[in-house]
Structures are given as C-alpha cells and as structure tokens.
Amino acid sequence: MRRVILMCCLVAAGCSSRLPTDEERAVSQAANRRQLVEVSYVADANGLQWVSPHLALSDYQQVMVEPVRLHPRTQAVHQIPPAVLGRVSHRLQLRLEQELATGVPVVDEPGPKTAILRVEISRASTDMEDIKITEILPYGALIGGTKALLGTRDRNVRLLVESQLVDSQSEAILAERVSVLLAKDVLENNREMLRFEQIQAAVDQFTQDIVYFIRLTAYTAKENEQSVQ
C-alpha cells in the first residue's frame, strides 16, 4: 500500500505544466539556451525566453511567418500520429498569421525591416493526468495506482514548441521562446491514438503564447531604444 501511495504522489508531482521539463530542456535547440529565463504571461503559461538586449523596435515594421516545422524526433511517437502533427503545424501557422495580422503587417517574403517568425515542434510526448486529491487517500491511491499500472489512466499530450524571431536579411536571432503546448486528459489510456479534434482547442489557445512572446519582444525592443536615447 505504501508503495502505491508513494507512486501516486510521484504522479501528482509530474510534469503536466506548460513549463518545459528538464528532459525537454535537454533537447531544446535554442541558440541562447543558457540565457533563457522563465517568463509567464497568464496563469499556467510559463515558458523560457530570451530577447536580444540590442534589439531596436524601429528596425522592424513587418513580420513573415514561416511554415511551422516538425522535428524528425516527433514522427515516431506512440499515440501521436504524424498526420495529426501535420495538421497541428498547419493550424498553428494559420492561427498565428490571423492573430498577428491584426497588429502588424504580415508579408510573404523577406525584406528590409522584416522579422521572420520561425516555429518548430521539436518534441512530442504523453504523460499521465494529474492525480486528484481524493486519490491521495489510501483507497483512492490504490485505485489510481492500479489504473496507472494497467495503463488506463487518462493521458496528457505535450508538444515542445520553440519559437524564434530572426532578421530576414542577416539571419541574426532577435528573440527566442521555448514552451509547451499542453492538451490535458485527451487520451483515455496508453493505447488510444490521438485525433486532431482532441487537440485543436489546445492549439488555438497556445497561439496566444507565441503572440504574447512577440508583443513582449516588441515592448523590450522599445525599452532598449529608450535606454540609449
């Protein structure tokens, strides 16, 4: 019984958060990984971020959104079909273009004073749902632990998303963010295959994470300019 309760407590302290785990950070391809700091825009929307201290807002007037990429390591993940990931990347790009167009000109080609937004889904995984407080009690822990052992607990889907803003002509990195697109409790067990409809709402919600990243980058760039005047 003690072992079951302990196991459930470990599940309760799992990684169903949008802050990248140590394992996810280890595979991050962020160029300024050692300089990333934790930034949270809204509740449960933590991420790791870096903005160039030399970035000036007046240097950029428009943005180009590249197709959202999928790292090869995402293509062979149990329960997450490549076709679904393809739809996720397409949906994310579409929503980003729509959201950004309301505040800044979105263009199709590189050019002067143009920043490129590059987004890549660099890791995909699943983990068990958060344990409920009633399952910490001995009987609940026994049921919860048994479900975990049998693979019948609901599962979360985690997609590690890495975003970069780069200069369209020099390719200099202007800002980076590493965060997690989290779809909670969308899979009923460790065998069900993910359907796009199960994750679409999470994709649409996550779009705001990248939009906030761009807005905060612009705000920081404006402050950089004011500090040197």
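Here the structure is a predicted model, which is why all the values come from computation and not from measurement. Both backbone and side-chain heavy atoms feed into the values below; hydrogens, waters and symmetry mates do not.
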[X], [Y]: one ILVMFWY side-chain cluster at the under-4.5 Å cut-off?
X	Y	result
F213	V106	yes
V161	L94	no
V63	L57	no

**OP:** Look at atom CD of E109 and say whether more than 12 heavy atoms of other residues, nucleotides or ligands are closer to it than 6.0 Å.
**Re:** no
Original post:
Would one find more than 12 heavy atoms of other residues, nucleotides or ligands at under 6.0 Å from atom CD of E66?
Top reply: yes
Picking from [options], what satisfies side-chain contact (heavy atoms from CB on, under 4.5 Å) with [X]?
X	options	result
R177	E162, Q164, Q49	Q49
L159	L182, I199, V77, T74	I199
I173	D167, N32, L55	N32

**OP:** Provide the full list of salt bridge (charged side-chain N to carboxylate O under 4.0 Å, His left out) pairs with a residue in residues 75-85, sequence neighbours left out, each pair given once.
**Re:** none
Approximate separation, where rounding is to 0.5 Å, of [X] [atom1] and [Y] [atom2]:
X	Y	atom1	atom2	value
I80	R195	CD1	CZ	14.0 Å
D127	D154	CG	CG	11.5 Å
S125	H78	OG	NE2	13.0 Å
R69	Q93	CZ	CD	11.5 Å
H90	L85	NE2	CG	14.5 Å
Q205	R95	CD	CZ	11.5 Å

Subject >> Worked verdict on I121 versus H71 for side chain to side chain contact (heavy atoms under 4.5 Å, CB included) >> reply: CA-CA 6 Å; I121 300 174; H71 193 281; over 6 Å; no
**OP:** Would you please test L48 and V37 for side chain to side chain contact (heavy atoms under 4.5 Å, CB included) and show each step?
**Re:** CA-CA 5 Å; L48 304 173; V37 296; over 6 Å; no
**OP:** Please identify each residue that fulfils ring-ring contact (aromatic ring centres under 6.0 Å, His included) with Y212, with sequence neighbours left out.
**Re:** Y41
Check: [X]/[Y] side-chain N/O donor and acceptor closer than 3.5 Å:
X	Y	answer
E192	Q198	yes
Q29	S122	no
T126	R155	yes
T207	E99	no

All side chain to side chain contact (heavy atoms under 4.5 Å, CB included) counterparts of [X], not counting sequence neighbours:
X	value
A201	none
D59	A56
E171	R118

Grab the two heavy atoms, one from [X] and one from [Y], that are nearest each other, plus how far apart they are.
X	Y	result
P81	M193	CG-CE, 3.9 Å
V186	V157	CG2-CG2, 3.6 Å
L117	I210	CD2-CG2, 4.1 Å
L92	F206	CD1-CD2, 4.3 Å
L19	G47	CD1-N, 4.2 Å
E24	L160	O-CD2, 3.4 Å

Given 3.5 Å as the limit, does a donor-acceptor pair link the side chain of [X] with the main chain of [Y], or not?
X	Y	result
N156	D185	yes
E176	A31	yes
E225	K222	no
R33	R25	yes
S168	T114	yes

Subject >> All side chain to side chain donor-acceptor pair (under 3.5 Å) counterparts of Q61, not counting sequence neighbours >> reply: none
Original post:
Would L187 and Q79 count as a side chain to side chain contact (heavy atoms under 4.5 Å, CB included) if you check the C-alpha gap in whole Å, the side-chain angles of each, and the deciding distance to 0.1 Å?
Top reply: CA-CA 9 Å; L187 299 172; Q79 295 187 270; 3.6 Å; yes
**OP:** Could you check if a side-chain atom of D108 sits within less than 4.5 angstrom of a side-chain atom of M64, using non-hydrogen atoms only?
**Re:** no
Original post:
Is there a side chain to side chain contact (heavy atoms under 4.5 Å, CB included) between Q200 and R87 once you walk through the steps?
Top reply: CA-CA 9 Å; Q200 180 175 338; R87 293 187 65 182; 5.5 Å; no
